[in-house]
Amino acid sequence: MGYIIRLTEQNGYESPSWILGMAELDCVVSSPSCTFSFGASERFDLLAKLTDTNISELLSITYPLANGEHDYCLFFDNIIPRYCLRLGHPKICPQCLLESSYCRRIWDLSIVTTCLKHKCLLIDECTNCKSFISWSRDHVSICSCEFDWRKSTPISVGESELLLTEHIHWLCGLPIDKDYTQDRLNQNPVLNLSLQDLLLAVFFIAGQYQGLLVSTGRKLIPFGRNKDFHNLFSLAFSVFEDWPNAYYQFLDWRSKQEKSILSIRQRQKSALYREFGRFYAGLFKILSEYQFGFMKKAFVEYLIEKWEGYCVSPANEKNSTTPHFENKYISKIDAKRLLGTFDEQINQLIKTGKLKSIVRSKGMKRLIFVEITDIAKLIRENDL
């Protein structure tokens, strides 16, 4: 759409609809879905003739479907979910437009909220009329209210608020001012993920702050303004900085939040679900793949070092709810989830002594508890 707007301005049209209509590209400019941005080459035959442009050049500024899958596309050669592109709500950097009058592709990615070059916030609303910026305009840099966005005062952001955008530039092969050393990658494990997995991890943590039941970003992105997304995504990304200390602080916060909303339904869940709720469920569902194992491992280490939840003492059943860091146990159900295994395997690990366990009775039920330190040892040894 940025290219279409440039053509609109250069040819003196009053709306991009003229070019889209002549090119037979289906798009409602007032509220564009921009579906043609994911289209095949034959869709651009007319536009190529109209503009005397090679189709391959036009395709280079689209987001082709990845491996023919409707829900995924290529973004700077990275496979990402289509919903991560917020094409219907364009963003701009006033300083970039002041230097050169064209829209950057990187701005289309919802999680990119800042301009790395000018260290400022991208804007998605006109500073004059306060309306969302729209593709329905006849100039690249001028709003339909006739305000020139290049005259806007940029909103500066701190270095820490640029880290996420900086890393995305690096993943997309765009220039950044610093070299990414191995030390930097080791300090923050999320930096070793692909762009698709990075998006999933950041959206998941952001969803926790928003109180969403399950968050892959699909329900997080459609609504809101860029300045709000910036605060949310910066906060979510900061959880992975100073690893694992910031992550532990997030878990402390998550535990306090869950305790404040303890319900009858939660009391029927396992101890770890009662303590960490949606985060605990999502960590082993949404982020269950191997590449997110660093989050699971750090979570188990947190349970050993910090958790003050329920403990079952083999020596004194009366003190079963008293924190006891040397002998901290969790239910067999939680043990299965942490190890990603089944009843038979847990039973075998208990039988061979690799997992210490104790048995308690609750009415007619026979409850099995497993020591957390043994679970952590197995995860470390087997790189689970």
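In this structure, L74 is not a member of the same hydrophobic cluster as I111, with clusters built from ILVMFWY side-chain heavy atoms closer than 4.5 Å. Cluster annotation: W307 and L251 are assigned to the same hydrophobic cluster (Ile/Leu/Val/Met/Phe/Trp/Tyr, side-chain heavy-atom contacts under 4.5 Å, transitive). The cluster map of Ile, Leu, Val, Met, Phe, Trp and Tyr, joined by side-chain heavy atoms under 4.5 Å apart, puts I5 and I142 in different clusters. V359 and V370 fall within the same hydrophobic cluster, defined by Ile, Leu, Val, Met, Phe, Trp and Tyr side-chain heavy atoms under 4.5 Å apart, directly or through other members. Y72 and L65 fall into different hydrophobic clusters, where Ile, Leu, Val, Met, Phe, Trp and Tyr side chains are chained together by heavy-atom contacts under 4.5 Å.
Taking the six-membered ring where the residue is Trp, Y13 and W18 present parallel rings, their angle staying beneath 30° rather than reaching 60°. Note on ring orientation: taking the six-membered ring where Trp is involved, the planes of F284 and Y280 are perpendicular (angle over 60°, cut-offs 30° and 60°). The aromatic rings of F279 and F250 sit perpendicular to each other, their planes meeting at more than 60°, with 30° as the lower class boundary.
Within a 6.0 Å sphere centred on CD1 of I333, other residues, nucleotides and ligands contribute 12 heavy atoms or fewer. Under a cut-off of 6.0 angstrom, the local environment of CG in N245 is crowded, with over 12 non-hydrogen atoms contributed by other residues, nucleotides or ligands.
The main-chain N or O of P154 is never found under 3.5 Å from a side-chain atom of S152 such that the two would form a donor-acceptor pair. A donor-acceptor pair under 3.5 Å is formed between the side chain of N11 and the backbone N or O of L7. A donor-acceptor contact shorter than 3.5 Å is absent between the side chain of T114 and the backbone of L116. Side chain of K130 to main chain of T127: a donor-acceptor pair is present (N/O by atom type, distance under 3.5 Å, no hydrogens or angles). A donor-acceptor pair is defined here as one N or O able to donate and one able to accept, closer than 3.5 Å; no such pair exists between the side chain of H169 and the backbone of P175.
Smallest separation of non-hydrogen atoms from I79 and N67: CD1-ND2, 4.0 Å. Minimum heavy-atom separation, T113 to S110: CG2-O, 4.0 Å.
Side-chain contact annotation: D252 with Y302, donor-acceptor N/O pair under 3.5 Å present. Judged by distance alone, the side chains of E161 and S234 never bring a donor and an acceptor atom under 3.5 Å apart. Remark: the S37 side chain and the T62 side chain contain no N/O donor-acceptor pair separated by less than 3.5 Å. For the residue pair R104 and S100, a side-chain donor N or O sits within less than 3.5 Å of a side-chain acceptor on the partner.
Judged by the 6.0 Å distance and 45° axis criteria, R278 is not positioned over the aromatic ring of F276. Cation-pi contact between R82 and F75: absent, since separation from the ring centre below 6.0 Å together with deviation from the ring axis within 45° is not met. A cation-pi geometry, defined here as NZ or CZ lying under 6.0 Å from the six-membered ring centre and within 45° of its normal, holds between R225 and F132.
Using a 4.0 Å cut-off between charged side-chain N and carboxylate O, D343 and K332 make a salt bridge.
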